Every structure is written in C-alpha cells, then in structure tokens.
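Structure, as structure tokens:
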Amino acid sequence: MKYWSQTFIPTLKESPADAEIASHKLLLRAGLVRKLGGGLYTFLPAGLRVVQKISQLCREEMDREGAIELSMPFIHPVDNWVDGPRWTAAREIMYRVDHAGAGKGRAKEPEFVLGPTHEEVITPLVRQEITSYRDLPKNFYQIGTKFRNEIRPRYGLMRAREFIMKDAYSFDVDDAGAIESYNRMKRAYTAFFLRCGLKTIAVEADTGVMGGSYSHEFMVPAPVGDDDIVYCEESGYSANREKATSGLVPKDLPAAAPAGALEEFPTPGIVTIAALAAAPYNVAPDKQFKTLVYLGDGKPFLVILRGCDDLEEAKLGPLGFQLWRAATPEEIEPILGAKPGSLGSVKGTIRNPAALAGIFADHAIRLVGNGTTGANKDGFHLRNVNVTRDLAVTQWGDFRRVRAGEPDQQSGSPLKMARAIEVGHVFKLGTKYSEKFGAVYTDDQKQSHPMVMGCYGIGLSRTLQAVIEQSNDADGIIWPWQVAPWQVLVVNLDPADAAATALCLKLAQLAETAGADVLIDDRAERPGVKFKDADLIGLPLRLTVGGRGLKEGIFEFKWRASKEVRKVAIAEAGSAVTEAVRTAAAKA
RNA sequence: CGGGACGUAGCUUAGCCUGGUAGAGCGCUUGCUUCGGGAGCAAGAGGUCGAGAGUUCGAAUCUCUCCGUCCCGACCA
C-alpha cells in the first residue's frame with residue numbers, strides 16, 4: 001500500500017497546450033508522464049507502475065506460449081546493421097552513436113547505432129549458439145526501450161522517439177514450424193490485449209521495412225489512430241488499408257476491344273485529371289490513365305493507374321526496391337519527354353524507354369478499357385488508348401488505394417474503413433535474416449538449412465496510451481482492473497482525525513489482503529480536490545472515509561467505471577471489501 | 001523533408017495588428033475563516049517576453065536568421 005503524500009502524483013487542472021488528444025492530455029493531467037522533449041517522456045511513479053503491470057501481463061502471455069525472455073543491448077555495433085539485409089532502408093530511422101571522445105574527421109558511418117529493433121542482434125547470436133535441429137524451435141523475447149528517429153513524433157507516447165517494446169524472435173526448422181510459432185504469438189497477443197482491457201482486431205498488414213512474407217497487425221479502433229483499416233463484417237475480411245484489396249475488378253473481366261485508332265489532340269495548359277474531366281474535354285477521371293514516375297533505388301519506373309484512383313505507395317514494396325520515391329519534374333522530363341500533366345505510357349511515346357526499370361500497371365485500368373492519357377508531349381493527350389493494344393506494361397499488380405464502399409472480394413458487401421492504433425505486429429519473416437547472417441542448422445540427414453524466422457512486436461508504452469484513449473470520460477481515466485497503477489483508492493477526508501485514519505488503514509489492509517494494490521489519499525486537501533483527483537487518476541474502486549460517515553457508522557464504495565455509489569456499514573467492511581476486490585479481479 | 005500554427009511566471013493565457021515602465025486566472029508561500037465534488041478574504045514570491053542580429057530616441061510588439069513545440073502528409077510498435 002502506498003500513501004499519496006509519500007509518492008509523487010502531480011495532477012493538473014488544465015492540460016498543457018501541446019497535448020491534443022484525450023489520452024495525451026490525461027497522461028499529463030493524471031501525473032503519469034512528463035515531457036522531456038519531442039517524443040521523449042519521463043514515466044512518473046504512477047505511470048511506471050502501469051508500464052510494469054502491462055509488461056508483466058505481456059511476460060505471462062509470452063511465457064505461456066513458450067517464449068524465452070532475455071535482454072539485448074540498446075547500443076549496437078553498426079557492423080551488425082551494415083552486414084544485415086536492410087541497412088539501406090533502416091539507416092534513416094536509426095540514431096547514431098559515436099563512442100565517447102570521437103574526434104572530427106571520422107569515417108562516415110558511426111561506431112554504434114541505437115537499436116530500433118533487434119533482428120540484427122538476435123540472428124547472429126542464434127547463428128553462433130544454435131546449430132542443430134535438436135535445439136529448435138526457439139522463441140526469444142525481451143522487454144525494453146527502442147529508439148527510432150521518428151519523422152514526426154506525436155500524441156505523447158503514441159509515437160515517440162524512444163518507446164518501450166516487447167519484441168520476440170522465433171526460429172524454426174521449417175515453414176510449418178514457423179507458422180505454428182506465428183500462430184502461438186497471435187494467440188498470446190490476443191490474450192494479452194484482452195487482459196489489458198483493450199478491444200483489438202487483427203488485420204492483414206504490409207510488412208514494410210521488416211520484409212518477410214506476411215503479417216498481421218493488432219489494431220485498436222480509435223479516431224486518433226495513424227492507420228486506416230478496411231474490413232467486411234460479412235466475410236470477416238480485415239486488412240490495413242496499405243495492404244487491402246477489394247473486388248472492384250472482376251476476375252473474369254474480358255479484355256476491352258479497341259475503340260478506334262489512337263488519336264493525338266491538343267490540350268494546352270491542361271495538367272490535371274480534373275482539368276481534363278471538365279469542359280470542353282469532358283473525359284471522366286475513370287476514363288483516364290494516370291502515369292506516375294517513381295525512382296526505385298535510383299532507377300525510374302512507371303505506375304499506371306486509373307485517373308480516379310490513388311497510388312498506395314506501400315504496395316510498391318513487392319516490386320523489390322529497397323528505397324523508392326516519387327520522381328521530380330526535372331527527373332521525369334528527360335525520360336518521358338514531357339512534364340507532369342502530359343505523361344503517358346503508350347508504346348512509342350516514351351523518349352527513353354531503356355532507362356526504365358519497369359512499367360507497372362494496376363489491374364483496375366482494365367476497367368477503363370479504352371481511355372485518354374498524356375502523349376508525353378507537353379500540351380497533348382491521346383485518346384482511344386486501348387489497355388492491351390497500346391500500353392507497354394511489364395508487370396500487372398495491385399497498386400491502387402482501396403476506398404470504403406468498394407465490394408469485398410469474397411462477400412461482395414461494401415467494405416468499411418476505420419481509423420485504428422497499431423499496438424502489435426506479428427511478422428512471418430522466412431529466411432531473409434537467417435540466410436544473410438548464416439543462421440543455419442543441421443537436420444537429422446546431416447543437411448544444412450537456414451532457420452525459418454518470425455518476429456513479433458508489441459508497443460507497450462503505446463498500449464498504455466491506447467488503454468487510456470479507449471477508456472476515459474470527461475472526468476478522467478477509467479483504468480481497467482489489471483493495468484491500473486493501483487486498483488483501490490482509499491480516500492481519507494479527515495486525515496487529522498485518528499478514527500478516520502485508523503479506518504482507512506483497516507480498509508487498505510483488507511483490500512490488499514484480498515489481492516488489490518492500494519493507494520491511500522492522506523493529503524490535507526479539501527474533499528472536492530480529492531474527489532476530482534480520484535476521478536482523474538481513475539483507479540477502479542474508491543473507498544471514502546469521512547467524519548460525517550463515521551458518525552453514522554458507514555463508509556462509501558464507488559466504482560469509477562459505473563459511477564455506482566454504495567454506503568457500507570463499517571461493521572461489514574471486511575466482507576464487503578474482500579468480496580468487491582475478488583469479484584473485480586475475477587472479472588478482469 | 002514538404003505544408004500550416006505557435007513560443008510571454010510551474011500551468012493556462014491577455015497584450016502584438018496600431019512600438020512608449022509586462023497583466024490576469026490557476027498553482028505556490030503566510031495568516032484568518034471554511035471543510036462530502038477543484039472554497040473565501042488579506043498579504044506575498046515568481047518573468048533574460050525561446051535565442052541572436054537588425055530597424056528605431058525607444059521593441060514582447062516591426063524585419064531577418066536560428067532553435068524549440070504542436071497540427072496535416074510520407075515512416076513505424
């Protein structure tokens with residue numbers, strides 16, 4: 001049990017101006033964290049307790065599925081990363097560390113980096129220590145601080161430069177084993193988030209910089225989330241928007257017959273889809289082809305979409321480039337022969353086709369059939385462009401961004417879209433890292449194989465904030481039982497009164513014996529202040545003792561979530577408190 | 001990195017447009033009165049107005065540069 005006067009819970013009446021969303025304001029107002037700098041936060045005692053509780057729940061669920069805890073350094077020799085498979089893509093997000101005393105004029109690469117994740121550390125370790133199929137499978141995890149130079153930290157702990165993460169890495173002898181490990185982690189995650197009192201849904205996700213074959217994200221639906229999820233209630237399909245596809249293009253769609261001969265026509269000053277859709281041209285956006293120019297690892301390539309569609313950049317990942325970005329107008333003109341606004345990909349109109357790494361067409365342009373596109377000549381477009389006859393496509397794929405309302409692939413029902421916070425991510429990595437680092441094992445036929453890996457992350461500090469975001473009201477936080485910094489708050493309205501103080505101690509002992517963590521508000525504050533603070537910090541059960549009640553021989557029960565208040569006779573304190581705590585703990 | 005907003009006491013902020021001795025509320029300190037939902041009165045402490053340069057007789061206020069913070073986009077747990 002803890003006395004409020006002997007810990008440190010600096011509550012605030014007003015939210016600091018740099019907090020925008022409810023959970024961020026409450027983190028600060030309830031005295032859980034304080035900001036050091038952008039994306040850098042100190043956990044104050046109450047906040048730290050929540051971190052520890054969440055960590056412990058996570059640990060229990062990981063252990064239950066057979067994962068093994070260890071702890072790896074935060075500081076990594078840069079060579080681990082340079083030798084790994086994703087240095088080019090990952091270096092931008094890493095903080096660099098020069099060893100103390102490093103002078104000017106050192107080499108370009110730093111001596112060390114701060115770990116954003118640990119594949120580059122665990123894989124060499126396993127390579128060194130595990131060589132036999134007899135020692136597999138293994139799944140190692142740790143709970144610790146991660147460092148990422150986030151392009152834009154925001155919303156408090158939601159996206160921070162330094163954050164607490166549980167990361168796990170599984171090593172299996174074959175794909176079937178890896179799938180089993182993956183499923184165990186999905187199960188652990190589901191159980192963990194449930195115990196945190198969070199509603200999550202698992203969605204299919206893009207693998208991003210991690211690479212690997214497939215992945216699921218655990219999402220907390222919330223308007224302040226950074227991600228869009230796409231889902232169909234009928235079929236059960238759910239995916240991150242970056243990965244989502246729809247049934248917009250029928251599989252059996254016949255190829256459109258040419259509508260006529262290619263025809264160039266002048267379009268002076270017309271450089272947008274919208275302008276071409278307006279009078280006098282009146283070419284609807286879904287009858288236009290949009291040509292985008294990107295650079296993949298320095299080489300230009302084209303993406304063709306319908307005029308009405310947007311590119312989903314994450315979908316360029318499978319093309320195999322490490323880094324890609326939109327090309328600038330200066331880079332585009334020498335290749336295509338025109339400035340943006342008049343671009344196209346019709347055979348024979350591209351000035352320097354040999355420079356291109358590929359022309360990638362979105363399936364949906366088949367819906368256009370015959371349409372209009374730029375002539376690669378400033379101020380001119382081409383009409384009667386036929387998809388199969390005229391476009392020089394090297395590869396078809398799904399590149400467009402799905403929109404809400406499009407039909408689900410399986411059920412045909414309209415897809416829905418919602419914002420969500422990503423709190424966990426499971427990846428099936430395959431052999432990308434094990435091959436690169438030589439993490440191989442010998443099987444019972446004396447054959448050598450790369451281990452099949454998976455990796456699994458949970459943003460624990462983000463989870464903490466997601467719980468607050470999902471569970472609060474106008475008065476403050478409403479902590480779920482399992483993750484509350486303390487579960488019972490005993491409010492002493494008359495700390496100067498010996499009888500009140502004695503009763504508070506007795507109630508606290510009863511609650512503690514029944515299994516709850518207890519905070520006693522013994523401050524010499526006015527009742528109004530104590531009640532406001534109690535609601536703000538949001539402990540699940542409040543027991544109030546005051547002179548008025550003492551005279552009547554009662555104290556008060558109040559549940560934070562339901563606001564339900566009950567007067568209890570002091571004589572029945574023992575059974576009432578014990579039962580309340582046990583019931584609440586059992587439900588959680 | 002692109003676009004936008006902002007930076008005045010521990011916190012929330014007024015003042016800036018139209019240059020002329022820096023104000024309030026909360027919080028803090030002391031005293032008295034209060035005492036079951038952020039009390040009242042009285043007295044008090046607390047500010048290089050983010051930093052630097054410039055314009056000016058004079059800059060929180062106008063100009064420029066830099067730094068920091070927040071919001072929107074790309075990135076991520």
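All values reported here derive from a predicted model rather than from experimental measurement. Proteins get letters first, then strands, A, B, ... in listed order; numbering begins at 1 in each.
A24(B) and C70(B) have their C1' atoms separated by 25 Å, given to the nearest Å. Between G44(B) and U65(B), the two P atoms lie 45 Å apart (nearest whole Å). Spacing of C1' atoms, G20(B) relative to G15(B), comes out at 14 Å, to the nearest Å. Across A59(B) and A53(B), the matching C1' atoms stand 13 Å from one another, rounded to whole Å. A distance of about 13 Å separates the P atoms of A22(B) and U48(B), rounded to the whole Å. Using C1' as the reference atom, A9(B) and G3(B) are 33 Å apart when rounded to the nearest Å. Nucleotides G50(B) and G68(B), compared at atom P, are 16 Å apart to the nearest Å. For the P atoms, the distance linking A14(B) with C62(B) amounts to 15 Å, nearest Å.
Looking at heavy-atom distances under 4.0 Å, I458(A) makes no contact with the nucleic acid at all. Counting non-hydrogen atoms under 4.0 angstrom, T463(A) reaches nothing in the nucleic acid. Within 4.0 Å of M158(A), counting heavy atoms only, lies at least one base atom of the nucleic acid. A160(A) comes within 4.0 angstrom of a nucleotide base, judged by non-hydrogen atoms across all strands. Note on G549(A): a base of the nucleic acid sits closer than 4.0 angstrom, heavy atoms only. E242(A) comes within contact range of the sugar-phosphate backbone alone, with a heavy-atom separation under 4.0 Å but no base atom that close. If you check every strand for non-hydrogen atoms under 4.0 Å, D226(A) touches a base.
Rounded to whole Å, the distance from CD1 on I421(A) to P on C76(B) is 18 Å. Per the geometry, CZ belonging to R152(A) stands 15 Å off P belonging to A5(B), to the nearest Å. The OH atom of Y189(A) sits 10 Å away from the P atom of A77(B) (whole-angstrom rounding). If you take NZ of K563(A) and P of G36(B), they are 21 Å apart, rounded to a whole angstrom. Atom P of nucleotide A77(B) and atom CD of E150(A) are separated by 9 Å, given to the nearest angstrom. In this structure, L543(A) atom CG and G36(B) atom C1' are separated by 15 Å, rounded to whole Å. One can place CG of L36(A) at 10 Å from P of U69(B), the figure rounded to the nearest angstrom. R159(A) has its CZ atom 12 Å from the P atom of C70(B), to the nearest Å.
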Open item on the list: Only Watson-Crick and G-U wobble pairs with both distances less than 3.5 Å should count. Give RNA chain B in dot-bracket notation, marking inter-strand partners with |.
Closed with: ((((((((.[[[[.)....(..]]]].((((((.....)))))).....[[[[[..)....]]]]])))))))....

For residues 486-494 of chain A, tabulate all N or O donor-acceptor pairs below 3.5 Å that involve a side-chain atom, not counting sequence neighbours.
| residue | atom | partner | partner atom | Å |
| --- | --- | --- | --- | --- |
| Q487(A) | OE1 | D517(A) | N | 2.9 |
| Q487(A) | NE2 | W481(A) | O | 3.0 |
| N492(A) | OD1 | D494(A) | N | 3.0 |
| N492(A) | ND2 | T501(A) | OG1 | 3.3 |
| D494(A) | OD2 | G547(A) | N | 2.7 |

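By the 30° and 60° cut-offs, the orientation of the rings of W81(A) relative to H76(A) is parallel.
In terms of heavy-atom proximity, G296(A) sits nearest to W324(A) at CA-CB, 4.1 Å.
Note: Y95(A) and F147(A) fail the aromatic proximity criterion, with ring centroids not under 6.0 Å apart. For Y433(A) and Y169(A), the ring centers sit 6.0 Å or farther from each other.
Looking only at atom types and distance, the side chain of T145(A) has no donor-acceptor partner in the side chain of E162(A) under 3.5 Å away. Side-chain contact annotation: T245(A) with D398(A), donor-acceptor N/O pair under 3.5 Å absent. Using modelled atom types, one finds a donor on one side chain and an acceptor on the other under 3.5 Å when comparing H118(A) with Q142(A). No hydrogens or angles considered: nothing links the side chains of Y214(A) and K243(A) as a donor-acceptor pair under 3.5 Å.
Of the possible polar contacts, one joining the R161(A) side chain to the G38(A) backbone as a donor-acceptor pair under 3.5 Å is found.
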Open item on the list: Within the 4.0 Å limit for protein heavy atoms, which parts of nucleotides 37-51 of chain B are touched? Write it as a string from 5' to 3', B for base, S for sugar-phosphate only, - for none.
Closed with: BBB------------

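One N or O donor and one acceptor, one from the side chain of R462(A) and one from the base of C76(B), sit under 3.5 Å apart. Below the 3.5 angstrom threshold, one finds no donor paired with an acceptor across the side chain of D494(A) and the base of C35(B).
Along RNA chain B, the nucleotide nearest to D18(A) and the one nearest to R548(A) differ in position, and the one closer to the 5' end is contacted by R548(A). Nearest-nucleotide positions on RNA chain B for I93(A) and G38(A) put G38(A) closer to the 5' end.
At the phosphate of C72(B), OP1 or OP2 sits under 4.0 Å from a side-chain N or O atom of Y155(A).
Under the salt bridge (Lys or Arg N to Asp or Glu O under 4.0 Å) rule, D226(A) has a single partner from R241(A), R159(A), R462(A), which is R159(A).
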- [ ] Evaluate ring pair (Phe, Tyr, Trp, His ring centres under 6.0 Å) for Y456(A) paired with Y189(A), printing each intermediate quantity in order.
- [x] CA-CA 9 Å; Y456(A) 318 94; Y189(A) 278 32; 7.0 Å; no

